Number of protein chains: 2
Amino acid sequence: MFSKACKYAIKALIYIASRSGDGSNISLRDIAAQIDSPEHFTAKIMQILSKQGIVSSIKGPNGGFYIERNAPAIPLFEVVRAIDGVHHLTGCGLGLKNCSEDQPCPIHREFSEVRNRLLQMLHQSTIQQLAGELTSGQTVLKQMAL
Amino acid sequence: MFSKACKYAIKALIYIASRSGDGSNISLRDIAAQIDSPEHFTAKIMQILSKQGIVSSIKGPNGGFYIERNAPAIPLFEVVRAIDGVHHLTGCGLGLKNCSEDQPCPIHREFSEVRNRLLQMLHQSTIQQLAGELTSGQTVLKQMAL
DNA sequence: GGAATAAAGGATATATTTATCTTTAATTAA
DNA sequence: TTAATTAAAGATAAATATATCCTTTATTCC
Ligand code: FES
Ligand code: FES
C-alpha cells in the first residue's frame with residue numbers, strides 16, 4: 001500500500017509531533033530507535049520531508065527535527081504525496097494510462113470506490129491528531145515481543 | 001496497491017476468461033498484445049498462475065491458456081494472493097509485525113476500515129464477472145490514444 | 001578559535017522487482 | 001519422423017527500492 005520509505009516517514013512524523021512543540025528537537029538517532037528504522041535510510045527520508053517544508057530541522061548540538069505546535073495540521077495525504085507521489089493514489093488500479101469513467105478498466109467501479117475511501121482517510125487524518133493518540137497511549141510505533 | 005505482475009495477472013485472466021470456454025486456447029502472444037504487457041514477463045506470471053491451478057494451459061500448436069466455462073468463479077483475491085501474497089492485504093499499514101487491536105499502530109483504526117473494504121471487494125469480484133463486462137464492451141484492457 | 005554534535009549531501013552497496021534472452025519439453029500436423 | 005508451434009524453465013540484465021558509508025556544513029559550547 002505504502003512504500004517502506006513512506007511508512008517510516010509517517011511514523012517519524014507522528015513521533016516528532018508527539019514529542020516536539022515545547023522547543024525541543026528530536027534527533028535522527030532517537031527517531032530511528034523509536035520507530036525501529038534504519039538510521040541512514042531514515043535520514044534520506046527526513047531530508048525529503050524537510051525540503052518539502054513538512055518538518056523543520058536544526059543542525060548542531062541539541063539540534064534535530066521538530067514541528068511547530070501551532071503549525072497547520074499535516075494530513076497524511078501530504079506525507080504520502082511527498083514520499084510516494086500521487087500516481088498510486090489516483091491512477092488506475094490496473095495500470096491504464098488514465099483512470100477514467102470514459103474508458104474504465106475492468107475493476108474501475110469497484111476499485112475507485114475503495115480508492116476514494118483511502119483518499120478520504122488520508123485527507124482527514126492528520127499527523128497531529130495521530131500524535132495525540134500516540135501520546136495518550138492508545139497506539140504504538142513499535143511492538144514489544146509477543 | 002498491486003504490483004505490476006499482479007496487474008498483468010488480473011488483466012490476463014480477465015482476457016482469457018472473456019475469450020475461452022468454447023474450447024479455444026489463448027496464446028501468450030495474444031495475451032501480451034491485448035493487455036499491453038511484456039511477453040516474457042507475462043509468461044512468468046502465467047506459469048505461477050498455472051502452477052497454482054488458477055488457469056490451465058496446453059502446449060504445442062493451437063495450445064495456450066484457458067479457463068473452463070464451468071470452472072468455479074475466481075475471486076480477485078485468489079489472484080492477488082497467488083502473485084503478491086496476502087501480507088500486504090492483511091498486514092499492518094505502517095509495517096508493524098502484527099496488525100492487532102491489542103497494540104494498534106497510529107493508523108490502525110482508519111487503515112483497517114479501508115483495508116476491509118478492499119478485501120471485501122477482492123472477495124466479491126470475480127474474474128468471470130469482470131470478463132463478462134469486458135465482453136459486453138463496458139470496460140477495456142487498454143486505452144486508445146487520447 | 002577549536003572540539004564536539006547533528007543534519008545535509010554524495011557515493012556506494014544490497015535486495016527486490018521488472019524485463020529480456022535462450023534453451024527445453026510437449027504437442028500438432030504434414 | 002520431421003518441422004513447426006507453444007508453454008515451461010533457466011539464465012541474465014536492467015530498473016527501482018532499500019540500506020549503508022563517508023564527507024561536508026551548520027551550530028553549540030568551551
Ligand atoms: S480505469 Fe482502472 S481504476 Fe479507473
Ligand atoms: S496495527 Fe497497523 S494497521 Fe493494524
Side-chain angles (χ1 to χ4, degrees), chain A residues 1-13 16 19-20 23-67 80 82-85 87-88 94-95, chain B residues 1-13 15-16 19-20 23-33 35-67 80 82-85 87-88 94-95:
Chain A
M1 192 76 80
F2 308 122
S3 69
K4 279 194 173 189
C6 192
K7 292 173 186 173
Y8 295 150
I10 293 171
K11 286 191 278 195
L13 288 171
I16 293 167
R19 291 279 318 276
S20 70
S24 68
N25 303 316
I26 321 296
S27 76
L28 182 60
R29 189 181 318 156
D30 187 16
I31 293 169
Q34 292 299 323
I35 73 175
D36 202 25
S37 68
E39 187 169 326
H40 294 283
F41 186 48
T42 308
K44 299 299 182 193
I45 298 161
M46 295 311 298
Q47 284 170 27
I48 296 172
L49 296 175
S50 181
K51 277 190 200 161
Q52 305 240 351
I54 293 174
V55 73
S56 306
S57 68
I58 296 182
K59 285 184 182 178
N62 304 316
F65 299 89
Y66 67 96
I67 296 173
V80 177
I83 304 297
D84 286 345
H87 185 257
H88 77 120
L94 289 185
Chain B
M1 195 74 82
F2 308 123
S3 69
K4 279 194 172 190
C6 192
K7 292 173 185 173
Y8 294 148
I10 293 171
K11 286 191 278 194
L13 288 172
Y15 177 62
I16 294 167
R19 290 281 317 276
S20 70
S24 67
N25 303 315
I26 321 297
S27 77
L28 182 60
R29 188 182 318 156
D30 186 15
I31 293 169
I35 73 175
D36 202 24
S37 69
E39 187 169 327
H40 294 282
F41 186 48
T42 308
K44 298 300 182 192
I45 297 161
M46 295 311 297
Q47 284 169 27
I48 296 172
L49 296 175
S50 180
K51 277 190 200 161
Q52 305 241 350
I54 293 175
V55 74
S56 306
S57 69
I58 296 183
K59 286 184 182 178
N62 304 316
F65 299 89
Y66 66 96
I67 296 174
V80 176
I83 305 297
D84 286 345
H87 185 257
H88 77 118
L94 289 185

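What you are looking at is a predicted structure, and each value in this text was computed from that prediction instead of being measured. So you know, we letter chains A, B, ... as the sequences are listed, proteins then strands, and number each from 1.
- Atom pair B:Ile83:CD1 and C:dT16:P shows a separation of 18 Å (rounding to whole Å applied).
- Listed pair B:Tyr8 / C:dT18 fails the phosphate criterion, with no side-chain N or O lying under 4.0 Å from OP1 or OP2.
- In this structure, A:Lys4 places its NZ atom 10 Å from C1' of C:dA15, rounding to the nearest Å.
- Atom CD1 of B:Ile48 is separated from atom P of D:dA8 by 11 Å (rounded to the nearest Å).
- Counting all heavy atoms, side chain and backbone alike, B:Ala82 lies closest to B:Ile48 at O-CG2, 3.9 Å.
- Within a heavy-atom distance below 4.0 Å of DNA chain D, the residues of residues 35-46 of chain A found are A:Pro38, A:His40, A:Phe41, A:Lys44.
- Sorted by residue number, the members of residues 56-65 of chain A with any non-hydrogen atom under 4.0 Å from DNA chain D read A:Lys59, A:Gly60, A:Pro61, A:Asn62.
- Contact annotation for B:Lys7: no contact, since no heavy-atom pair falls under 4.0 Å across all strands.
- The closest donor-acceptor contact from the side chain of B:Ser24 to the backbone of B:Ser20 lies at 3.5 Å or more, if one exists at all.
- With rounding to the nearest 0.5 Å, the separation of CG in A:Asp30 from CD1 in A:Ile35 is 10.0 Å.
- Between B:Ile26 atom CD1 and D:dA7 atom C1' the separation is 14 Å, expressed in whole Å.
- Side-chain atoms of B:Gln47 stay outside donor-acceptor range of the base of D:dA7, with no qualifying N/O pair under 3.5 Å.
- Residues A:Met1 and B:Met1 approach most closely at SD-SD, 3.2 Å, considering heavy atoms.
- The minimum heavy-atom distance between A:His88 and A:Phe2, with the atom names listed, is CE1-CD2, 4.4 Å.
- Using a 4.0 Å cut-off, some side-chain N or O of A:Ser50 falls inside it from OP1 or OP2 of C:dA8.
- For B:Leu28 and D:dA9, the CG to P distance is 14 Å, given to the nearest whole Å.
- A straight line from OH of B:Tyr66 to P of D:dA7 spans 13 Å, rounded to a whole angstrom.
- A donor-acceptor pair is defined here as one N or O able to donate and one able to accept, closer than 3.5 Å; no such pair exists between the side chain of A:Asn25 and the backbone of A:Tyr66.
- To the nearest 0.5 angstrom, A:Ile31 atom CD1 is 4.5 Å from A:Met46 atom CE.
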